There are 2 protein chains.
Amino acid sequence: MSDGDNLLKLVEAEEADDQDYLLQEQVGFILRKAHQRHVSIFAAHIGDLTPPQFAALAKLRDVGETSQNQLGTLIAMDAATVKGVIDRLKARGLVELSKHEVDKRRLLVNLTAEGRDAIERLIPLAREITRETLAPLSAKEIATFMKLLAKLA
Amino acid sequence: MSDGDNLLKLVEAEEADDQDYLLQEQVGFILRKAHQRHVSIFAAHIGDLTPPQFAALAKLRDVGETSQNQLGTLIAMDAATVKGVIDRLKARGLVELSKHEVDKRRLLVNLTAEGRDAIERLIPLAREITRETLAPLSAKEIATFMKLLAKLA
DNA sequence: TTGATATCATTTGCATACGAATGAATTTGC
DNA sequence: GCAAATTCATTCGTATGCAAATGATATCAA
């Protein structure tokens, strides 16, 4: 392609912007890819737990026993999704469920001893996952990126 | 909890950083939330197509007829995922499939006339989706963010 | 108090997303 | 030119993710 063609494209782009919708430059597309990359890094370090499962355990470690719904709010999962995640953690003995004494609608979730051991053991690996995910950026870039990303989330 | 306890926790945090692993500050967690928000914005503007389906149509518009596998590479989807997406687009008459004349392994995918109409009609909405997703940021912040996000993806 | 609302949890249905296994067809390496 | 390796596509199984509908319980308001 000649320089003339490049120039023509630039001129056209200023007028008819339907011509240059580039999927690979859209924030949603790149966000999806960045997320995919992170999940892949996560899986390489923590093979037997998914990021949502890890999030549930990490948050239970923070807040202690909570209702399934409340936990979902804390880790940004809707009720249907969190149920599946908790069911699988329960099947593996990492969390235990109990009924709320007063409010009979609520299902309380808590870490088991095994679940607590697991999350404590995994946190160092999670730190490394964060580090590796951000590895393409310098320290200053990381600070900038995290600030802007937080605004979008 | 007393002020003494707070002080103790701060002191401990400086030594044993296992104490302050905060899920909500980890890049993976925020990336997942940002992606969720984008998908939600997408759905509000384009209700009858998912972001992956849109991506497939938009990329076919760019490159014309390609193999299913190649399309998957271009839109960052593995073979199993892209098959499902294409199957659903085909069922709706937006893409058509044909066999590669020479290489019999390949399944060629292309837009139908209806699919071409659809993607042309949707691109303005997609621009608005990008705009709304990035709305929390200033123009300068957007430029910075996109540069850094691209490095991570 | 009771009727309307709201909340919590579950279920169903659909759509990504990916690892692993399989089979068909092609390309490579010797 | 042929065996080995690779590529393309499919299928299966598992795990999010969310909308919508449902049932049980709790709260609010007249």
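The basis for the numbers below is simple: all heavy atoms, side chains too, and nothing from hydrogens, waters or symmetry mates. So you know, we letter chains A, B, ... as the sequences are listed, proteins then strands, and number each from 1. Only a predicted model underlies this, so the values are computations on that prediction, with no experimental measurement involved.
Checking side-chain atoms of B:Q68 against main-chain N and O of B:A79 turns up no donor-acceptor pair under 3.5 Å. Within the 3.5 Å criterion, the main-chain N or O of B:A34 finds no donor-acceptor partner in the side chain of B:H38. B:E128 places no side-chain N or O within 3.5 Å of a backbone atom of B:P124 that could act as its donor or acceptor partner.
Here the OG1-NZ distance, from B:T144 to A:K147, works out to 8.5 Å after rounding to the nearest 0.5 Å.
Remark: A:K83 in residues 82-99 of chain A come within less than 4.0 Å of DNA chain C through at least one heavy atom.
Taking atom CG of B:N69 as the reference point, atom C1' of C:dA25 lies 13 Å away to the nearest angstrom. The nearest whole Å value for the distance from the CE atom in A:M77 to the P atom in C:dT10 is 15 Å. Atom NZ of B:K104 and atom P of C:dT27 are 12 Å apart (whole Å). In this structure, the CD atom of A:E101 is 15 Å from the P atom of D:dT25, given to the nearest Å. When rounded to the nearest whole Å, the span between CZ of B:F54 and C1' of C:dA15 equals 18 Å. Atom-to-atom, CG of B:D78 to P of C:dG19 comes out at 7 Å; the value is rounded to the nearest Å. Straight-line distance from the NE2 atom of A:H100 to the P atom of C:dC8: 11 Å, rounded to whole Å. Distance CZ (A:R105) to C1' (C:dC8): 6 Å, rounded to an integer number of Å.
In terms of position on DNA chain C, the residue among A:V39 and A:R106 whose nearest nucleotide sits closer to the 5' end is A:R106. Nearest-nucleotide positions on DNA chain D place A:H35 closer to the 5' end than the other of A:D103 and A:H35.
Put simply, B:R32 has a side-chain N or O that comes within less than 4.0 Å of OP1 or OP2 on D:dG17. Neither OP1 nor OP2 of C:dT16 sits under 4.0 Å from any side-chain N or O of A:Q36. Dashed line: the shortest gap from a side-chain N or O of A:Q70 to OP1 or OP2 of C:dT7 is not under 4.0 Å. Phosphate contact (OP1/OP2 of C:dT16, side-chain N/O of B:T50, threshold under 4.0 Å): present. Of the side-chain N and O atoms in B:T81, none sit less than 4.0 angstrom from OP1 or OP2 of C:dT16.
Looking at heavy-atom distances under 4.0 Å, B:V102 makes contact with sugar-phosphate atoms alone, never a base. Residue contacts shown for A:S40 are absent, as no nucleic acid heavy atom lies under 4.0 Å away.
Taking the charged nitrogens against the carboxylate oxygens, B:D103 and B:R106 do have a contact shorter than 4.0 Å, which makes a salt bridge.
Between A:E132 and A:P136 the shortest heavy-atom distance is O-CD, 4.0 Å. Closest of all the heavy-atom pairs between A:I30 and B:A150 is CG2-CA, 4.1 Å.
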